[in-house]
Amino acid sequence: MQNPFGNNNNNDQNPFNLNNLPLPPNYAKIVNNQGDIRIAKVGISWTTLWFGPLPALFRGDYYNFLLIIVLDLDYALVALFFGLNWLLEFPIPSVIFAFFYNMMYFRHLFNKGYRPADERSRQILTNARYWKEK
């Protein structure tokens with residue numbers, strides 16, 4: 001497969017044969033001992049900004065899905081309780097989660113035994129401070 005992103009991602013040496021998988025420059029591959037592969041963006045989660053908890057649900061990240069739902073409901077209840085209806089016009093929790101959701105997703109998977117699948121992903125995750133060498 002030709003790499004449309006032009007980032008020379010065709011020469012990675014890894015046991016999971018991901019060499020022909022072209023990725024944008026800000027995406028990382030992680031893998032666990034069973035060979036399960038996850039690919040996700042590093043940085044701001046624009047999908048979480050626009051769609052709230054749905055990206056977490058589609059990724060099967062039920063822990064963060066429930067966390068986002070509970071915090072969104074708390075935000076709405078506090079705004080309604082204190083009569084601050086204007087707060088409901090601007091979704092502050094979605095903006096906050098847009099900045100932190102991808103980091104939360106990666107760290108949750110790292111706690112489940114995932115690790116970077118190649119050196120490029122390790123470098124991206126380390127630079128973004130998602131991954132710390134043990």
Side-chain angles (χ1 to χ4, degrees):
M1 172 185 272
Q2 184 180 6
N3 184 352
F5 301 108
N7 57 4
N8 297 326
N9 191 26
N10 295 331
N11 299 324
D12 293 336
Q13 298 298 323
N14 60 48
F16 302 104
N17 197 15
L18 301 174
N19 295 336
N20 293 327
L21 186 62
L23 291 177
N26 57 343
Y27 278 68
K29 298 176 275 191
I30 58 175
V31 67
N32 66 4
N33 291 334
Q34 290 78 28
D36 296 332
I37 300 168
R38 299 290 174 120
I39 300 171
K41 183 178 183 285
V42 175
I44 296 174
S45 176
W46 294 101
T47 54
T48 301
L49 176 66
W50 294 110
F51 302 112
L54 292 179
L57 179 65
F58 295 147
R59 287 180 175 180
D61 188 12
Y62 301 116
Y63 174 81
N64 286 324
F65 172 73
L66 291 175
L67 179 69
I68 294 170
I69 291 286
V70 167
L71 291 178
D72 281 345
L73 289 175
D74 286 346
Y75 176 77
L77 287 174
V78 167
L80 291 173
F81 181 77
F82 290 108
L84 305 172
N85 295 340
W86 58 271
L87 278 177
L88 297 177
E89 295 175 8
F90 187 71
I92 293 174
S94 293
V95 172
I96 293 171
F97 274 110
F99 286 99
F100 294 106
Y101 173 67
N102 285 336
M103 180 182 61
M104 293 166 47
Y105 176 68
F106 273 111
R107 288 194 177 170
H108 188 73
L109 289 177
F110 292 151
N111 289 336
K112 289 183 170 183
Y114 282 81
R115 65 187 182 287
D118 54 17
E119 189 56 37
R120 179 186 162 278
S121 295
R122 181 182 311 276
Q123 187 66 32
I124 291 170
L125 292 168
T126 304
N127 289 345
R129 297 186 179 140
Y130 289 13
W131 171 262
K132 295 178 184 173
E133 295 293 333
K134 296 177 182 175

_Connecting only ILVMFWY residues whose side-chain heavy atoms lie within less than 4.5 Å of each other, what is the rest of Leu88's hydrophobic cluster?_
Leu80

_Is there a path of hydrophobic side-chain contacts, each under 4.5 Å between heavy atoms, that joins Leu77 and Phe90?_
no

*Side-chain contact test, heavy atoms from C-beta onward, threshold under 4.5 Å: evaluate it for Asn64 versus Phe97 and give yes or no.*
no

*Give the minimum heavy-atom separation between Ser121 and Lys29, together with the two atoms involved.*
OG-N, 2.9 Å

*Separation between CG of Leu73 and CD1 of Ile68, rounded to the nearest 0.5 Å*: 12.0 Å

_Cluster check Ile92, Trp46: I/L/V/M/F/W/Y, side chain < 4.5 angstrom_ = yes

_Nearest 0.5 Å, please: how far is CG in Asp61 from CE in Met104?_
7.5 Å

*Interatomic distance, Asn102 atom CG to Tyr27 atom OH [nearest 0.5 angstrom]*: 8.5 Å

*Can you name the side-chain contact (heavy atoms from CB on, under 4.5 Å) partners of Phe99, sequence neighbours left out?*
Ile44, Val95

*Looking only at non-hydrogen atoms, find the nearest pair between Leu87 and Ala79 and report the distance.*
CB-CB, 4.0 Å

*Taking all non-hydrogen atoms of both residues into account, name the closest pair between Asn26 and Arg120 and its distance.*
N-NH2, 4.5 Å

*Go through the structure and list residues passing salt bridge (Lys or Arg N to Asp or Glu O under 4.0 Å) with Arg122, not counting sequence neighbours.*
Glu119, Glu133

_Nearest non-hydrogen partners of Gly52 and Pro55, listed with the distance_ = O-CD, 3.2 Å

_Minimum heavy-atom distance between Leu49 and Ala98, given as atom pair plus value_ = CB-CB, 3.7 Å

_Leu125: which residues meet the side-chain contact (heavy atoms from CB on, under 4.5 Å) condition with it, sequence neighbours left out?_
Ala28, Ile30, Val42, Phe106, Phe110, Pro116, Tyr130, Trp131

_Rounded at 0.5 Å granularity, tell me how far OH in Tyr63 sits from OH in Tyr105._
15.5 Å

_Contact list for residues 68-95, test side-chain hydrogen bond (donor to acceptor under 3.5 Å, both in side chains), sequence neighbours left out_ = none

*Once you round to the nearest 0.5 Å, how far does CZ of Arg59 lie from NE2 of His108?*
12.5 Å

*Can you name the nearest heavy-atom pair linking Arg129 to Arg107, along with the distance?*
O-NH2, 2.6 Å

*What pairs with Ser45 under side chain to side chain donor-acceptor pair (under 3.5 Å), at least two apart in sequence or on another chain?*
Thr47, Thr48

*Any chain of hydrophobic side-chain contacts (each under 4.5 Å) joining Val70 to Phe65?*
no

_Do Gln34 and Asn32 pair up side chain to side chain, a donor and an acceptor below 3.5 Å, judged on atom types alone?_
yes

